[in-house]
Amino acid sequence: MSLSLMCISHSPLMGFNEPAEGVREEVDALFDRARAFVSEVDPTLVVTFGPDHYNGFFYDLMPPFAICYAAHGAGDYDTSADEFVVPEHIAAGLAQYAVDHGIDMTISRGAELDHGAVQIPETVLGGITKYPTVPVFVNGVAEPFVPISRIRLMGQVLGDYLATLDERVLLIGSGGLSHDPPVPRWAEATEAQRAFLLEGRHPTPEARAARQAKTINTGLKFAAGEADIQELNPEWDNAFLDVCESGDVTAFDAYTATQMTLDAGHSSHEVRCWVAACAAMRSAGPYVTRERYYRAIPEWIAGFGAFFATTA
Ligand SMILES: O=C(O)/C=C/c1cccc(O)c1O
Ligand SMILES: [Fe+2]
């Protein structure tokens, strides 16, 4: 048994907007290191913690997190629409262990997962069908948010179970850090937006293209200082990375949803995926940092970070 950890921010704008000079090369080099890390740890099982942005999970039923026994990509922003290769017995073992240990786990036998859960595995693993993978959805956009301590505990319990398996497990956390992309929110939404937030699965190609064009354009305007969205917060992002590096995962519990929104934007809640992944990793004992990266990238509407670790 071994556990290794790779948390990386995603951004669907990576394939659409050019960042400032030198940044693309820097991030490409990060992904090269990520692929080398995957080769080194040579996983036999991947567990992903990823959010959704109203492509697969809607307000008709919005769990705080869910283990997927079967899942496929939504194909948004040109990400893969393939079917994940999920070892169902491991997904079921994780879910049973979670409920037996005080975690009210939701399961899905047919999740649709968007760029939040697909982009990073696809990029670092060479596709989402290459490794047996258990995707875990973690809500990072839809209020109400459960306390971070519950996400930390969920990750810890899943890590405890994974440590019993005769597998080399790679934990992938995808999301955040500070960012505030133009994802509609129920409290301020128009009637049409509420209809979408409630049950907007499988939009027409035109509706999908319009949504994506709006986000791509917001990224360009944000970089030009002209977008009406919250600023990135590199200080907040680096403090969060400090907690990841410290290995003191209980320190995540001090983050509250209200303060996170104020400090780091409405989509900063995606760091819940990192919290779950770090807590799962820490359940196997102390870890050592193998990669820490940070760059604020407005064209991608992303406080863009990475943190990799292996067992000490
Ligand atoms: O769902 C969308 O349309 C946009 C999502 C987005 C934009 C920028 C950064 C991110 O992490 C996103 O998920
Ligand atoms: Fe996101």
Side-chain angles (χ1 to χ4, degrees), residues 7-19 23 27 48-59 62 65 73-79 112-123 135-142 145 172-186 189 193 196-197 200-223 227-234 236-237 240 260-261 264-277 294-306:
C7 295
I8 312 186
S9 302
H10 60 253
S11 171
L13 306 184
M14 247 190 269
F16 296 90
N17 291 349
E18 263 330 290
V23 174
V27 175
T48 62
F49 296 90
D52 179 71
H53 314 72
Y54 302 107
N55 282 294
F57 288 81
F58 289 82
Y59 270 120
M62 182 61 74
F65 38 73
D76 62 319
Y77 293 96
D78 300 340
T79 55
E112 192 153 290
L113 299 174
D114 75 5
H115 69 271
V118 169
Q119 184 184 50
I120 296 303
E122 185 178 19
T123 307
V136 181
F137 160 72
V138 182
N139 171 31
V141 293
F145 297 108
I172 296 182
S174 162
L177 308 170
S178 66
H179 64 312
D180 194 41
V183 178
R185 293 181 295 278
W186 189 270
Q193 286 173 325
F196 161 73
L197 293 174
R201 285 179 194 83
H202 308 139
T204 62
E206 293 76 21
R208 169 153 286 163
R211 170 182 175 172
Q212 297 186 179
K214 179 181 172 188
T215 311
I216 291 164
N217 193 38
T218 302
L220 295 175
K221 282 167 72 180
F222 189 42
D228 187 19
I229 58 173
Q230 213 166 305
E231 289 302 320
L232 304 176
N233 188 339
W236 188 93
D237 293 337
F240 180 83
M260 287 168 73
T261 301
H266 293 89
S267 287
S268 63
H269 306 286
E270 289 183 358
V271 298
R272 287 159 180 267
C273 300
W274 290 49
V275 169
Y294 182 73
R295 172 76 57 193
I297 309 179
E299 294 82 355
W300 298 350
I301 319 181
F304 199 95

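Being a predicted model, the structure only gives us computed values, none of them experimental. Both counts, for ligands and for their atoms, begin at 1 and track the order of listing.
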His179: numbered ligand 1 atoms lying under 4.0 Å from its heavy atoms: 9 (C), 10 (C), 11 (O)

Plane angle bin for Phe58 and Tyr54 - parallel if under 30°, tilted between 30 and 60°, otherwise perpendicular: tilted

Exercise: do Glu122 and His10 side chains pair donor with acceptor under 3.5 Å: no

Distance filter under 4.0 Å to Pro12 heavy atoms, resulting ligand 1 atoms: 4 (C), 5 (C), 6 (C), 7 (C), 8 (C), 9 (C), 10 (C), 12 (C), 13 (O)

Glu270 near ligand 1 by a heavy-atom separation under 4.0 Å: yes

Protein contact to atom 1 (O) of ligand 1 [nearest heavy atom, distance to 0.1 Å]: Arg211 NH2, 2.8 Å

Proximal atoms of ligand 1 relative to Thr215 (non-hydrogen, under 4.0 Å): 3 (O), 4 (C), 7 (C)

N, O or S atom within Glu270 nearest to the Fe ion (ligand 2), by name: OE2

Protein residue, atom and distance nearest to atom 7 (C) of ligand 1, heavy-atom basis: Pro181 CB, 3.5 Å

Side-chain donor-acceptor contact under 3.5 Å, His115 with Ser174: no

N, O or S atom of His179 closer to the Fe ion (ligand 2) than 2.8 Å: no

Close side-chain approach of Val27 to Trp300, heavy-atom, < 4.5 Å: yes

Phe16 vs Thr215 side-chain heavy atoms within contact, under 4.5 Å: no

Option set Phe304, Phe222, Tyr77, Trp300, criterion heavy-atom distance to atom 2 (C) of ligand 1, minimum: Tyr77

Under 3.5 Å: N/O of Ser11 near N/O of ligand 1: no

Close-contact set for ligand 1 against His115 heavy atoms, below 4.0 Å: 1 (O), 5 (C), 6 (C), 12 (C), 13 (O)

Test item: Val138 and Trp274 side chains (from C-beta on) under 4.5 Å apart, heavy atoms: no

Where the Fe ion (ligand 2) is the vertex, angle from His10 NE2 to His53 NE2 to 10°: 110°

Option among Arg208, His202, Glu112 that satisfies the side chain to side chain donor-acceptor pair (under 3.5 Å) test with Asn55: Arg208

Identified side-chain contact (heavy atoms from CB on, under 4.5 Å) counterpart of Asn139 within the set Phe145, Phe65, Phe57: Phe145

